[in-house]
2 protein chains.
Amino acid sequence: MMIKGNGVNIESEPRRYHHGDLRSALVAAGLELLASRAADEMSLREVARAVGVSATAVYRHFPDKQALLFELCEHGAQQLCESQRIAMAGKTPKTALEASGRAYILFALANPGLYRLMMATKPSIKYIDAHDSAMDNAMQLLKDCVANVLPTNATAMEHEVAALHAWSLVHGISMLMLDELVAPDGKVIDALLEIPLNFV
Amino acid sequence: MMIKGNGVNIESEPRRYHHGDLRSALVAAGLELLASRAADEMSLREVARAVGVSATAVYRHFPDKQALLFELCEHGAQQLCESQRIAMAGKTPKTALEASGRAYILFALANPGLYRLMMATKPSIKYIDAHDSAMDNAMQLLKDCVANVLPTNATAMEHEVAALHAWSLVHGISMLMLDELVAPDGKVIDALLEIPLNFV
DNA sequence: CATTAAAGTTTACGGTGATAACATGATGAT
DNA sequence: ATCATCATGTTATCACCGTAAACTTTAATG
């Protein structure tokens, strides 16, 4: 690649007709906007503006708004998955469950718009080709995590209920705190995270 | 009131300039629409159309859309409260807690749009004059319910955590089922409702 | 009755998601 | 090298939304 003119290589050409990688730029801008807005308060035009492109350019890469949002969901699911995996690394089954629960809640609190989009939005967004999506990975991770603390002779129903208990608890408290119905408080979160373990 | 003309008293005058009780008609129409749409998919114009009135007539009774939605929230909170109270009537503390939890979840599943509006919507809607609102009643009901099954020497922190556990559980499972991340299943709900009791 | 205020109406504005028709320029065959 | 093609941009437009302003109708009051 040539260094132009004054040697500064900041890629400051005022505008190029073709963006280069608009698709991922839109996704990045979308994720950024989701940090401050809810998904339904974020307009496509706003995303396009953030990237410096016309409003309808988005439609060259996504059939509609939901398609872009779905893409953001997948990114979120991957992030969530990774956070949990990191938190669990090298822990015993019990402490791993607690750690992944904490990571789950902290992810939700740190990414309000994204988490709400992933979890608390009409299913139209979620179940377009939802198999092989990263969402399923996150759920499988939870189930495995829970399975590891159950006795080996536990029934399938017991597995199901235990997993659902854990998920309901972390999802419930996350949503209550995101919606400001409950004040975020680390101590309370810790106390809640111990409950599934006591019960098992 | 006079019976007119043919004796049919159906109030079928084609149109009157003044509606008579537009405010409550709007609330009723809003509640009805919430049965099939989410709150942000329900437009003010749609509500006005349902009542047969011009779009801007709404603004004679509510300063903006959120104000109408807030009114709907209050109706929902009252209904929820009443459902729980009925379910608890004449039960022992333990069975009362379980019954009110079941009533809570069933209310959520039966009123998706309304429940989501009440609980899973940005706080702007909820905390306008939220004291003396019916929402607080519902929460207090839960806390009392939980307090009744705790040992008398339980600390304030234990009360808080136990109440939050119960709320997180029923809210979490309600939302997961509303968002179709978990299939509604009475057996599973029953199993989950026993957990707070086992723990206590 | 005449006046006034409450409760409706029409009109209008800026913002939105989406479609259609047009413009540009990167790519590959000649 | 030139040129056609076509993906990737653009502008123009539509219907709908929330909301504000100005006008109209009707009920209520002195």
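Lettering follows sequence order; numbering is per chain, from 1.
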Q. Roughly how many Å is it from CZ in A:Phe62 to P in D:dG9, rounded to a whole number?
A. 11 Å
Q. Do A:Met175 and A:His171 have side chains that get closer than 4.5 Å, going by heavy atoms?
A. yes
Q. If you look at every heavy atom in A:Thr121 and A:Arg116, which pair is closest and at what distance?
A. OG1-O, 3.0 Å
Q.
Tell me the interatomic distance from A:Asp21, atom CG, to D:dA7, atom P, rounded to whole angstroms.
A. 17 Å
Q: Determine yes or no for a side-chain-to-main-chain donor-acceptor pair under 3.5 angstrom, with B:Arg23 supplying the side chain and B:His61 the backbone.
A: yes
Q | Whole-Å distance separating the CZ atom of B:Arg60 from the C1' atom of D:dA20 | A | 10 Å
**Q.** B:His165 to A:His165 - nearest heavy-atom pair and separation
**A.** NE2-NE2, 3.4 Å
Q.
Output the rounded distance in Å from CG (A:Leu22) to P (C:dT24).
A. 18 Å
Q: Nearest whole angstrom, please: distance from the C1' of C:dA7 to the CG of B:Leu26.
A: 12 Å
Q | Protein-to-nucleotide contact annotation, 5' to 3' order, nucleotides 12-18 of chain C [B base; S sugar-phosphate only; - none; under 4.0 Å, heavy atom] | A | B---BBB
Q: Using whole Å, report how far CZ of B:Arg37 lies from P of D:dC17.
A: 10 Å
Q: Write down the atom of A:Asp179, the atom of B:Ala120, and the distance for their closest heavy-atom approach.
A: OD2-CA, 3.2 Å
**Q.** For the student: nearest non-hydrogen atoms of B:Val146 and B:Ala163, plus distance
**A.** CG1-N, 3.8 Å
Q) If only side-chain N and O atoms of A:His61 are considered, is one of them under 4.0 Å from the OP1 or OP2 phosphate oxygen of D:dG9? A) yes
Q. B:Leu68 CG to D:dC17 C1': how many Å, rounded?
A. 15 Å
